[in-house]
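Here the structure comes first, spelled out in structure tokens, and everything after it is commentary.
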There are 2 protein chains.
Amino acid sequence: MSEETPKGRAPSIRDVARLAGVSHQTVSRVLNHHPSIRPETKQRVLDVMAELQYQPNRAARALVTSRSHTIGILAASSTQYGPASSIAAIEAAAREAGYWVSTANIDATDGRSISDGLAHLIAQGIEGLVVIAPQVRVFDTLAERSIDVPYVTLQSTGRDPEHALSVDQIAGARLATRHLIELGHRDIYHLAGPQDWIEAEARMRGFLDEMSASDVPTTAPILGDWTAEFGYYAGRELLTIRDFTAIFSSNDQMALGLMHAVRDAGLEIPRDISIIGFDDIPEAAHFWPPLTTVRQDFAELGRRCVALLVGTIDSSTLEHRGTIVPELIVRASTGAPAF
Amino acid sequence: MSEETPKGRAPSIRDVARLAGVSHQTVSRVLNHHPSIRPETKQRVLDVMAELQYQPNRAARALVTSRSHTIGILAASSTQYGPASSIAAIEAAAREAGYWVSTANIDATDGRSISDGLAHLIAQGIEGLVVIAPQVRVFDTLAERSIDVPYVTLQSTGRDPEHALSVDQIAGARLATRHLIELGHRDIYHLAGPQDWIEAEARMRGFLDEMSASDVPTTAPILGDWTAEFGYYAGRELLTIRDFTAIFSSNDQMALGLMHAVRDAGLEIPRDISIIGFDDIPEAAHFWPPLTTVRQDFAELGRRCVALLVGTIDSSTLEHRGTIVPELIVRASTGAPAF
DNA sequence: TTCGGGCATGTGCACGGTCACACGCCGCGC
DNA sequence: GCGCGGCGTGTGACCGTGCACATGCCCGAA
């Protein structure tokens, strides 16, 4: 080994200092872009750093500054398209802003898991928290543990609008519902998401709002679990009634299950029944028939989320955040009802 | 504030020590489950810890032990079902084993992004690395940067079998291909994944192996990009030829696109053309028709991955790892060819 | 009795950074 | 000529933990 440093350890600022003929503090100043350093000195230090392949020790820095530069993500259902997209976007935006990301995947139906995940993140000294999970339970845990870092929840404006950031779910749901109404549908069902997801609740509210605003008699929403499986069985149940011409599903996966059930019953989409989804997962364009749905910009959401969090951390200033409005994507699964 | 500790800081082991009437070292021993501590003393320390809501400082511990207890994940395409499932499984397994996880999402087509992501993880002092990405480029970067932590790549046995862990893609692909051959198909196309994904390569190899083993004339695989979109356009192209009765798609999304194209051409599945996919994403059971595919157990993969990594870190012992064999799921998208 | 050894605990230092403060030098105004 | 302030740099302490070593005690074997 032709190590420049005496020990087997990674080089420290003192090693750099010695080789550059300066004090360790000067090296620290170079690292932190302190203004008053002679360019000549600075260059010398930088050269030695490059030569030694010096890497600042995160732990040491975190210890003394008591700052971790880490944002935690508490995520449920992270295998689903929406959450996964948000996570990826947050991760990218955070890195851009000089922050690290640590994720804890939890089982949102298990209170213990929520608490554990949160403890896990807090133990890492996170400076900000993003919650991507059904909030109802998480909120309780959050309140209980009296979180002392800024946090943002990536769901619709629910119980804690101050911390919420989201695509406007209500507007999206109204968009979808209005689309069906404008096509002439009057008997419309809504297949909602799980009761304890605030996103699901918001979409349901949007549906109900738009229905009553258009003087269309509302039907009781069916509570689902986001899965195609559920959509399929819910569809089979519904079709024993057959007093409707359209269904608005709270996400694309359930819409897929619905379509499956409708076809099994020998009916045609959209001739007999129109179906509209929510999310616009990449596959939706290739469902049979291609699914009309509402698109959300998850990447933008992630970016704003980090901007808000970092703004709060760095300057205690709440950055103003506009609403992200979703977009209606009309494909072939919706049409005028046939009488 | 009725703080027990003098300063506004979080309590340290010394605060605990003072209140418990012991030395800081004794507290440290309690934390690390040192055997020789009187149960009485231990309990006293634990009581004070609980009272003070003491939390060990990770940074300080990492600084002195030079161990971060963190596993890094370098992931591409983490919004897709397979990678997302693996990540969630790894995260859970790692937490179980007392490790933390840090994820870097990269754009695998961009060499710079790979390198940045890797640097990002290394700067965090990760002790192990899991690579979930098309490996060809990543391998080069890995070699170039001479990674000094144990790593595992979550793809098929390719260039670096020593570090690879995966569901046996070749066996899975042979399973799928054999299924088609046994149904009586002779003219079979394979829609492969991107050239630089070793997984895609392995599935292609499995396809070719099985075809020649069964004395069926092979066709040149078509190289796709995993998306339903590509599957759709590839299907349209293929259908202008029509000299085949079955297609084996390297993943379920492309299979979905293929199905779309086949229906657009007025053909029926599986009467005119059989289609088989790979992955068994949760939606596959509700495609039209429900997709025959090959299921991989991602959760098991994640668990083994962490077990292997932690084994290597803790004892430098390579734990023996069996192969995970995928399972053929027969649904309605495949059938005997009609002549 | 003496001595070795294990147990339970304490003392001091090291880890690799940052921060507060001190220091020497130079230029400028009075 | 003297004091003052800013610039560039150095000195030492400190952050919260774990480790090596020291200490006192008790027990059993020589």
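Proteins come first, then strands; the chains are lettered A, B, ... in the order of their sequence lines, and each starts at number 1.
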With sequence neighbours left out, write down each residue that passes side-chain contact (heavy atoms from CB on, under 4.5 Å) with A:T41, or none if nothing qualifies. A:V22, A:T26, A:I37, A:R38, A:R44
So, OP1 or OP2 of D:dT9: does either fall under 4.0 Å of a side-chain N or O from A:S36? no
May I have the distance from A:E40 (atom CD) to D:dC7 (atom P), rounded to whole angstrom? 18 Å
Less than 4.5 Å apart, side chain to side chain, heavy atoms only: is that true for A:S78 and B:I87? no
If I take atom CG in residue A:L63 and atom P in nucleotide D:dC14, what distance separates them, rounded to the nearest angstrom? 14 Å
Over all strands shown, is B:I37 touching base, sugar-phosphate only, or nothing at heavy-atom distances under 4.0 angstrom? sugar-phosphate
Beyond-backbone contact of B:S12 with B:D15, side-chain heavy atoms, under 4.5 angstrom: yes
When you look at A:F298 and A:V167, which way does the side chain to side chain contact (heavy atoms under 4.5 Å, CB included) test go after all the steps? CA-CA 8 Å; A:F298 291 107; A:V167 175; 5.8 Å; no
Using salt bridge (charged side-chain N to carboxylate O under 4.0 Å, His left out) as the criterion, list what pairs up with B:R67, not counting sequence neighbours. B:E127, B:D314
Angle between the two end axes of the helix from C:dT1-D:dA30 to C:dC30-D:dG1, five base pairs per end, rounded to 10 degrees? 60°
Would you indicate, yes or no, if D:dG8 has its OP1 or OP2 atom less than 4.0 angstrom from a side-chain nitrogen or oxygen of A:T26? no
Would you compute the distance between atom OG1 of B:T103 and atom NE2 of B:H120 and round it to the nearest 0.5 angstrom? 8.5 Å
Can you list the residues that meet the side-chain contact (heavy atoms from CB on, under 4.5 Å) rule with A:V64, with sequence neighbours excluded? none
Separation of C:dG24 atom C1' from A:R38 atom CZ, nearest Å, is 13 Å
Please write out the pairs of protein N or O atoms and N or O atoms of nucleotides 17-27 of chain D separated by less than 3.5 Å, giving the distance to one decimal.
from	atom 1	to	atom 2	distance (Å)
D:dT17	OP1	B:Y54	OH	2.6
D:dT17	OP1	B:N57	N	2.8
D:dT17	OP2	B:I13	N	2.7
D:dT17	O4	B:R14	NH2	2.5
D:dG18	OP1	B:N32	OD1	3.4
D:dG18	OP1	B:N32	ND2	3.3
D:dG18	OP1	B:R61	NE	2.8
D:dG18	OP1	B:R61	NH2	3.3
D:dG18	OP2	B:S28	OG	2.8
D:dG18	OP2	B:N32	ND2	3.3
D:dC19	N4	B:Q25	OE1	2.4

Contact class for A:T41 vs. all strands (heavy atom < 4.0 Å): base, sugar-phosphate, or nothing? sugar-phosphate
Over how many whole Å does the gap from A:M49 atom CE to C:dG16 atom P extend? 15 Å
Rounded to whole Å, how long is the line connecting atom NE2 of A:H33 with atom C1' of C:dG17? 16 Å
With sequence neighbours left out, the residues meeting side-chain contact (heavy atoms from CB on, under 4.5 Å) with B:E300 are B:D297, B:R303, B:R304, B:I324
Taking B:R95 for its side chain and A:A104 for its backbone only, find out whether a donor-acceptor pair lies under 3.5 Å. no
